[in-house]
Each structure stands twice: as structure tokens, then as C-alpha cells.
Amino acid sequence: MRGFFFLNTKVVLGRESLSYLEKALRGKERVLFLSSRSMRTHGFLKEAMDYAEEAGALVEAITSVPAEPTIDAVEELLPKVREFSPDALVAIGGGSVIDVAKAVKVFYDVPDVEFDKVAFFSRFQRPEPLPKLRTPLIAVPSTSGAGSEVSAATVIKKDGIKYTIVSPEITPDVAILDPRLPEKMPPEVAKNSGLDVLVHAIEAYVSKAATPFSDAMAIKAALTVFESLERSVKRDTEAREAMHYAATMAGIAFLNGRLGLVHAMSHKAAWMGPHGLLNAILLPYVMEFNMARARELYERLARELGLRDAGELLERVRELNEALSVPMLSELAEEDVFMERLDEMSRKAYEDPLVSFNPVEPKVDEIREIYLRAFRGE
């Protein structure tokens with residue numbers, strides 16, 4: 001077996017760990033914060049900016065970061081970024097805020113780079129590698145799911161299509177996991193982001209790129225979801241903290257082990273609903289598909305999670321979905337619209353780069369059948 005495991009990000013965790021910004025930003029002259037509005041509302045943006053000022057930096061904040069990362073939004077922000085000319089970036093908010101900050105870093109550091117040359121949406125494309133980037137990025141996640149605070153990827157939409165930029169150059173230098181921030185998540189956000197953690201963990205574990213090191217992170221993350229997600233949704237403080245750390249563990253797992261068919265399909269169905277929710281809907285159907293030809297991977301994961309076999313693991317996933325009222329796809333989209341887009345979604349999902357890491361190579365018509373089963377709840 002040949003593989004690799006890397007983590008370019010220093011992870012700082014614990015209550016009040018936001019204060020680490022003062023140390024991390026010493027020596028920086030101009031620090032720009034990219035923030036969600038909720039972080040301003042709850043006072044965490046001001047607290048973070050105060051730490052930067054204590055470090056001796058001039059600070060500025062952009063709080064108009066959109067919930068849906070698009071290249072248009074990134075290009076709209078860039079003039080403000082260039083005008084301030086920061087020597088460090090801090091992203092504080094959900095995974096979308098961190099993804100936007102990663103893209104901003106790319107086009108701020110390398111103004112001449114072309115989006116279409118470094119971003120890709122198909123596994124049959126070969127994007128150009130990013131050059132060396134200079135501006136450090138600190139990520140402070142406020143939700144517990146995306147794993148963007150440690151990942152080497154950013155997902156950005158252009159013309160309604162999700163593109164991905166993948167490079168160690170955009171991995172945040174520091175991730176600060178202060179559990180006070182996710183305590184403010186609404187229950188629905190806690191649910192959808194937490195379900196995303198489970199999908200990250202399972203897909204990273206069964207991936208063709210998995211190693212014993214990524215497996216360890218995936219197993220711990222999955223265990224935490226089964227133990228803590230339902231309580232987290234009910235605003236249990238201890239469970240919220242556990243899920244916050246699990247999200248980053250799952251992020252480390254897929255940073256190295258990558259993801260698979262669930263994510264490929266949910267990316268192409270993004271028009272239907274929240275990413276984490278779509279992942280949860282599709283997960284049991286993709287597991288069934290993969291288990292027909294790669295059951296031993298799920299058998300091993302089940303044993304690691306203290307379950308009897310792959311069948312019990314699949315049932316546990318379904319039970320969690322039921323407990324959290326995860327719907328069928330038919331509850332998110334009208335049938336005529338879904339059927340009209342089905343063939344295109346299936347083809348684009350087949351072309352998605354993440355399919356290369358799925359334990360089973362699917363055909364387009366097999367992907368189409370999985371979509372249909374998830375729509376009908378079969």
C-alpha cells in the first residue's frame with residue numbers, strides 16, 4: 001500500500017480559543033476579516049478584531065460575504081481587498097465564508113490567474129496548478145460540518161455550476177475551533193451540517209485514497225456523530241462542542257482520503273436544497289450501491305464503530321435520518337422539474353472529480369437510478 005497523509009493547518013481548540021488570534025497575528029500590519037453577518041450580530045467579529053488590534057494590526061472587515069460562494073461574489077469583493085492591501089486574512093463564519101476567503105486569497109495573491117484554468121468541474125479536465133501564495137489565512141468556523149478550515153479545496157459556483165479549486169496553497173494556516181461560536185447555530189443548521197460530517201467520514205473511509213491515518217480521523221468523527229448529533233440539534237452544549245471537533249476531524253479525513261459518489265451527486269443537485277441535507281438523503285442509496293461490489297469496506301467500518309456488520313451500519317444511517325426527519329428528494333423538488341434535469345445531473349455527477357475516489361466506478365444510468373430511488377424513497 002502506498003499513500004500519504006498531510007495536515008498543513010495548525011488546529012487550536014477549546015473554549016475562548018478565539019483569543020489565539022492575538023498571538024497568531026503578531027507582526028502583521030493589516031488584517032482583513034471576511035465574516036458572516038451572524039458573527040457580527042453575536043459579537044464574535046468584534047472580539048476577533050479586538051484581538052487583532054491587540055496584536056498591533058490595523059483591521060478592516062467585510063461582512064457582506066454571501067451564503068453561496070460564486071465567482072461573481074469573489075470578483076465583487078476583490079477591489080475592496082486590494083484597496084485595503086492586507087498581509088493576513090481571517091475568515092470567521094460558516095464553510096461558505098471560508099471557501100470565499102480561499103478564493104479571494106488566490107485572486108488577491110495572483111491577480112493574473114484565470115479562474116477557468118485553475119478551477120475544474122470534471123474529472124476529465126486537468127487544471128493548472130496554483131503558484132506559491134503569500135498571504136496567510138486563518139479560519140474560524142462558526143458551523144460544524146464543512147471541514148473547510150483544514151481542507152485544500154474551495155467550491156465556487158460559476159453560471160450555476162460548482163467548480164473546485166484544489167491546492168495545498170489554499171489550506172488555512174491556522175484553524176481556531178472555539179465551541180462558543182457553533183452554540184449559536186439554529187437547530188436546522190446544526191442538523192444539516194452535522195449530517196455532512198457523517199457523510200465526510202464514511203466517504204473518506206471507503207475511498208480509494210484512504211490510509212490508516214485518514215481512517216482514524218474518519219472513525220472518530222463518525223462515532224461522534226452517532227453519539228452526539230441528535231443532542232447537538234437540541235442545543236446540548238457538550239454535544240455541540242463534540243460535533244465541532246468532529247467536523248474538523250472529518251475534514252482532515254477527506255483532505256487526505258477524499259470523498260466519493262454522494263458528494264458528486266449532491267454537488268449536481270445543489271439547486272434542490274442545503275448541501276448537508278442532500279448528502280444525508282443520498283448516503284444510504286449510495287452505500288447500498290457501493291456495498292453490492294465493495295461490501296468489505298463497510299463491514300470493516302461497521303466493526304470499527306462497534307456495529308455487527310455493514311447491514312447494521314446502513315440501518316443505523318437510516319435510523320439517524322429518520323430521527324432527524326431527513327426527507328426524500330421528492331419533498332424538495334417538483335417531479336416534473338426533477339425529471340427534466342435528471343439526465344443532465346446524472347451525466348455531470350458521473351464526470352465529477354470525486355467519482356474517481358469512489359470505491360465503485362458507476363455508470364451514468366446507475367447514477368440516474370440512485371437519484372430516482374432517493375427521489376421516490378425506495
Side-chain angles (χ1 to χ4, degrees), residues 119-127 153 155 157-164 166 195-196 198-200 202-210 254 257-299 301 310-311 313-315 317-318 321 326-378:
F120 64 105
F121 65 88
S122 169
R123 57 183 167 141
F124 305 113
Q125 281 179 276
R126 283 195 176 276
V155 179
K157 269 188 178 181
K158 180 182 178 182
D159 300 328
I161 297 171
K162 284 192 172 184
Y163 287 74
T164 306
V166 180
L195 289 166
D196 206 14
L198 182 62
V199 181
H200 289 161
I202 292 177
E203 288 215 290
Y205 187 94
V206 302
S207 164
K208 291 177 181 176
F254 79 72
R258 314 302 284 271
L259 297 166
L261 184 56
V262 176
H263 274 76
M265 292 179 67
S266 69
H267 284 167
K268 310 315 171 192
W271 59 277
M272 297 178 71
H275 172 72
L277 187 63
L278 290 169
N279 276 342
I281 294 169
L282 292 165
L283 177 61
Y285 298 99
V286 172
M287 285 177 67
E288 278 190 309
F289 170 77
N290 286 341
M291 283 164 58
R293 283 176 271 176
R295 189 179 183 90
E296 67 281 358
L297 294 170
Y298 294 93
E299 294 282 357
L301 176 57
L313 173 60
L314 179 58
E315 188 57 33
V317 168
R318 287 175 172 150
N321 279 2
V326 172
M328 299 181 292
L329 288 181
S330 57
E331 296 174 59
L332 303 181
E334 296 294 331
E335 184 171 6
D336 57 342
V337 179
F338 176 82
M339 294 304 296
E340 184 181 322
R341 302 184 70 159
L342 178 59
D343 288 343
E344 181 188 20
M345 285 195 303
S346 303
R347 178 178 53 79
K348 287 183 175 178
Y350 171 77
E351 295 174 355
D352 191 285
L354 294 175
V355 169
S356 300
F357 302 99
N358 197 65
V360 176
E361 172 71 23
K363 297 183 177 70
V364 175
D365 62 341
E366 291 173 323
I367 294 173
R368 187 179 189 277
E369 182 61 26
I370 295 170
Y371 273 130
L372 281 171
R373 292 190 63 219
F375 186 82
R376 296 167 179 160
E378 297 175 348

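Numbering starts at 1 and runs along the sequence shown.
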| Near E315 CD, under 6.0 Å, is it more than 12 heavy atoms from other residues, nucleotides or ligands? |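 Yes, enclosed.
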| Do other residues, nucleotides or ligands put more than 12 heavy atoms under 6.0 Å from the CD atom of E378? |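 Correct, the count exceeds 12.
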Can any side-chain N or O of [X] pair as donor or acceptor with the backbone N or O of [Y] at less than 3.5 Å?
X: S207; Y: G257; answer: yes
X: N358; Y: L261; answer: yes
X: T164; Y: V155; answer: no

Taking side chain as C-beta onward, heavy atoms only, is [X] less than 4.5 Å from [Y]?
X: F338; Y: M272; result: yes
X: N290; Y: Y298; result: yes
X: V355; Y: E361; result: yes
X: D365; Y: Y350; result: no
X: I370; Y: V286; result: yes
X: P274; Y: D196; result: no

| field | Aromatic plane relationship, H263 with H200 - under 30° parallel, 30 to 60° tilted, over 60° perpendicular | value |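 Rings of H200 and H263: parallel, under 30°.
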| query | Below 4.0 angstrom, N of the basic side chain to O of the carboxylate: do R318 and E288 qualify? | reply |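 Yes, R318 and E288 are salt-bridged.
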| field | N-O pairing of R347 and E351 below 4.0 Å | value |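 Between E351 and R347 there is a salt bridge, with a charged N closer than 4.0 Å to a carboxylate O.
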| field | Option from R123, E203, M265, H267 for which side chain to side chain contact (heavy atoms under 4.5 Å, CB included) with L354 holds | value |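 Among R123, E203, M265, H267, the one meeting side chain to side chain contact (heavy atoms under 4.5 Å, CB included) with L354 is H267.
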